[in-house]
Participant: 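Provided herewith is a single structure, encoded as structure tokens, for subsequent inquiry.
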Amino acid sequence: MSTADRTDADDRPDTSHRYTAALAAEIEARWQERWEREGTFEAPNPTGELAGDGELPASTYYLMDMFPYPSGAGLHVGHPLGYIGTDVVGRHQRMLGKNVLHTLGYDAFGLPAELHAIQTGEHPRANTLANIANMRRQLRRLGLGHDQRRSFATIDPDFVRWTQWIFLQIFDAWYDEETGRARPIAELREKLGTDDPAVIDPHRLAYVSESPVNWCPALGTVLSNEEVTAEGRSERGNFPVFQRNLRQWQMRITAYADRLLDDLETVDWPEPVKLMQRNWIGRSHGAEVEFDVPAVENAAIRVFTTRPDTLFGATYMVLAPEHELVDAIVTDTWPEGTDERWTGGAALPTEAVAAYRHAASRKTDVERQESKEKTGVFTGAYAVNPVNGEQVPVFVADYVLVGYGTGAIMAVPAHDERDFAFATAFGLPTPRVVTGGDELPWTGEGVATASSNDELSLDGLSVAEAKARIIAWLEDKGLGTGTTTYRLRDWLFSRQRYWGEPFPIVFDDEGHPHAVPDHLLPVELPDVPDYSPRTFEPDDVTSEPEPPLGRAHDWLEVELDLGDGPRRYRRDTNTMPNWAGSSWYQLRYLDPHNADALVDPANEAYWMGPTDAKTTGGVDLYVGGVEHAVLHLLYARFWHKVLFDLGHVSSAEPFHRLVNQGYIQAYAFTDARGTYVPADEVEEHVADDGSTTWTYEGAPVTREYGKMGKSLKNVVTPDEMYDEYGADTFRVYEMSMGPLDQSRPWETRAVVGAQRFLQRVWRLVVDEEAGESRAADVAPDRPTLQVLHRTIDGVAADLDGLRFNTAIAKLIELTNHCTKASVTSREVLEPLVLMLAPFAPHVAEELWSRLGHDASLAHAPFPEADPSLLVADTVTCVVQVQGKVRAKLDVAPDVSEAELTSLALAEENVQRAIDGREVRKTIVRAPKLVNVVV
């Protein structure tokens, strides 16, 4: 940040009323206590326990930070970046007269707490609550304007109750394709005329199915894709991970694929985030085509392709190793003339396929998709290409996934990079069927070629024209259909862990799931003797998960009357993923103490409802890291849309505007072994030639930049900043480092610049010797008023655009002007303090008080710029003769062309340059340019 004019009294001895870290700490503690005592940031609701006494503001502003997880390590200075940013926004919006809802809860279920419990035997709740208390302490010192009445943790029984209630809403709903929305399952029973669970349950939005998962026997749990390395091993422990089909809860998010895609156009989000969601959903238009397998009765391989126009170039097919047809079509012996490269070195197709499937089970989907080496084996079977009757070999290869499309592909190697790589490795033909490019594979635009039969010709058609014609022909012949597929898969919702929300479900003797009645919610976690799941030998691929809840025998079996008399049921031993709580917490902030409803409709409509027919409603501003760009945001949107369909909310989207804040980066240092050493213990050495080296305990180390974190040993804590500079200085420094959405380097030595800025503002208002206010009721001069109002106008625009760094720069310029001009006018100092308040609220409150105001400035009106003072009194006009600058004139902004011409021609240097020659013409661009041509 700019710290111009740092020398003015900065080096003189401290005086008794100087703004120091010690005084800042006293001021900050006092104002935080007053805000809490007076409920300064409490936002009234229309109805319920949090309803206000007076008239409710019509204009609202609801802003949120992404749910923090309370780590045992506490906060480093990178964590508060977004929290300070949203607090600045909230304070500004409050000063604009809006009812601002801003609070912070805690996403408290998660693996770190469970691992701590496994290692120490301490219940994860105790450790989690201790971590929350520490984080609350650290954040409180920042002076965030949160409505603390609305704060909660996802582990609170009331919150768990409503999380489970939402799960049951999803469980008791189905997606009606005719209306394009979720409907209660009772309507489906009525429509189908049956209560049979075998008929009804497969239609539920939350359902149980056999699902392919990442199973790690050595850890005894299923892992998410993010927890598996590219080598197909567990990130924790480096154990083998296998692909297994296990009975799991799924959420039918795929039913909402189109709405999740199309409604991205209704929200104000960064385009890169929208693109990530579009790619994750992966909507593809194309055709499903059937390839008969003549050797097997009634067997046909159905493939989905986005390029049916290239069917004439399909020279082989590939099935995913898990495809259901593999066992049916694999032959007993190799066909005569089989290429040895196709056999995997096995004597028989059955042996080759079995070995290949086992190897594929040890790889993750990510590894299979990203591997450059293409592997596979021939099944021994051939399929018939429906457009030309050619027999094409059918392979099993792991670059095809069973969960995408149909789990089978037609391979067109001339026009697909992966197919071309496979064909090259296995010696398969690569005929060109699309023109363009000198080398294969060609994946760009072109026209069809070598693509005709006795009934159809695509030759000479563009891709779009060829697609339309081939799809029509396939449908006419009953060989395929035009269709749309999605990369998005249903949401795997089960975890074999202890520390999570139990499912509010019981199973009967036939294995059918039943909802636990609402009055029995929440279903709470029982105590267990051991928090770890049962583990197995690392290579025991046949093992089955045995979660910790399976040991709570008294809890597992329960007797309930669900309408047909008391019966014994069994609870689910899995728990929900930690995504559950963060998929709806924006709603609970609105009505956190409501015991009768998820959220009162009036409160939800007031804070999140659409303001007109063109908007979908939602949180006004949501700030968090880009690492949650896909999964969290996708899951939250899905849950919210289900609740919208079922009439529980009026907003169709949860978050209207999204901003991703950057990261705080810091120097990290590694020794000769590449091991990180504590950054705060590294010594810097500057040589005579200006070069810099660094040592740790006398040994040379190498410096690098990295995201601040414990692993890089470069953490700086907020507590250090509070103690050395004060919270306001820390806030101003973080906001001045750069745009909110960009990463920025941390430099502790630069924090003093923010402190000196606040000291200069303090000295403008407070006499450091007497402690009295310096403000006087005198009129400022016009230049000062112009600087002030240009600052007001610029800071207001910067706050609206979240350009906090440039807003602070403008405040520094105003402060420097006032310091140099010895400004004491209350008419200038009060607006300066009000503009400073969103960034440095404690010192601003103190200065406001010393300026004679009894009430907090939190709700004081933000200054407004006088338009008449935004226009400069004069502008500089450049006068050229023959294109060369000969003079500069200070003229009125509204000077006429005629007057400007006269002034320019009368100027002494201009007359000297003309030197008596005839003026052929004068080009005038009032008020900034006159060009004389002689």
Side-chain angles (χ1 to χ4, degrees), residues 1-12 14-15 17-28 31 84 88 91-92 95 143 725-736 750-776 780 784 787-792 794-795 798-799 804-853 856-858 860 862-863:
M1 62 179 284
S2 171
T3 53
D5 194 31
R6 287 184 176 180
T7 59
D8 58 314
D10 284 350
D11 297 321
R12 71 188 184 187
D14 283 354
T15 54
H17 297 282
R18 190 179 187 194
Y19 183 72
T20 62
L23 180 57
E26 185 272 320
I27 290 172
E28 288 160 7
W31 278 101
I84 299 172
V88 170
R91 288 177 177 275
H92 178 230
M95 295 174 78
Y725 299 102
D728 278 339
T729 292
F730 175 55
R731 288 172 59 111
V732 169
Y733 175 66
E734 288 226 337
M735 292 297 95
S736 68
V751 179
V752 70
Q755 184 184 47
R756 286 171 175 167
F757 160 55
L758 293 182
Q759 288 173 335
R760 288 196 296 279
V761 176
W762 178 267
R763 285 196 297 273
L764 285 172
V765 178
V766 178
D767 184 305
E768 289 188 335
E769 295 180 3
E772 297 174 352
S773 170
R774 298 180 65 247
T784 296
V787 173
L788 170 65
H789 284 269
R790 283 199 293 268
T791 303
I792 292 172
V795 169
D798 286 341
L799 283 169
F804 306 137
N805 57 319
T806 55
I808 290 173
K810 291 178 175 67
L811 291 175
I812 291 174
E813 290 177 10
L814 173 61
T815 300
N816 291 343
H817 171 89
C818 292
T819 299
K820 292 173 182 176
S822 299
V823 173
T824 59
S825 171
R826 181 182 299 275
E827 188 178 344
V828 177
L829 297 182
E830 289 196 348
L832 170 60
V833 170
L834 289 172
M835 286 187 286
L836 179 66
F839 302 100
H842 309 90
V843 69
E845 288 274 26
E846 183 70 13
L847 294 175
W848 190 246
S849 174
R850 293 185 183 225
L851 285 166
H853 301 278
S856 164
L857 57 62
F862 198 80

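In what follows, every heavy atom counts, from backbone to side chain, and hydrogens, waters and symmetry copies are set aside. By convention here, the first residue in the shown sequence is residue 1. On a predicted model such as this, the values are computed, not experimentally measured, just so you know.
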Participant: What heavy-atom pair brings Trp762 and Arg18 nearest, and what distance separates the two atoms?
Facilitator: NE1-C, 4.1 Å
Participant: Check whether any side-chain heavy atom of Gln759 sits under 4.5 Å from a side-chain heavy atom of Arg756, and report yes or no.
Facilitator: yes
Participant: So which atom in Phe839 and which in Val88 form the shortest heavy-atom distance, rounded to 0.1 Å?
Facilitator: CE2-CG1, 3.8 Å
Participant: Measure the shortest side-chain to side-chain distance between Thr784 and Ser825 over non-hydrogen atoms and say whether it is less than 4.5 angstrom.
Facilitator: no
Participant: Assess whether side chain to side chain contact (heavy atoms under 4.5 Å, CB included) is satisfied between Phe757 and Leu836, documenting all intermediate values.
Facilitator: CA-CA 11 Å; Phe757 160 55; Leu836 179 66; 3.9 Å; yes
Participant: How close do Val732 and Ala754 get, heavy atom to heavy atom, and via which atoms?
Facilitator: CG1-CB, 3.9 Å
Participant: Do you know the tightest heavy-atom contact between His842 and Ala727?
Facilitator: CE1-CB, 4.4 Å
Participant: Can you see which heavy atom on Ala844 is nearest to which on Val833, and at what distance?
Facilitator: O-CG1, 3.3 Å
Participant: If we only count heavy atoms from C-beta on, is the Ile792 to Met835 side-chain gap below 4.5 Å?
Facilitator: yes
Participant: Name all residues meeting the side chain to side chain donor-acceptor pair (under 3.5 Å) criterion together with His789; count only those two or more places apart in sequence or in a different chain, and write none if there are none.
Facilitator: none
Participant: Please list, chain by chain and in numerical order, all residues satisfying side chain to side chain donor-acceptor pair (under 3.5 Å) with Trp31, sequence neighbours excluded.
Facilitator: Glu846
Participant: Taking all non-hydrogen atoms of both residues into account, name the closest pair between Pro841 and Arg731 and its distance.
Facilitator: CD-NE, 3.3 Å
Participant: Using the test side chain to side chain donor-acceptor pair (under 3.5 Å), find all partners of Glu827 that sit at least two apart in sequence or belong to another chain.
Facilitator: none
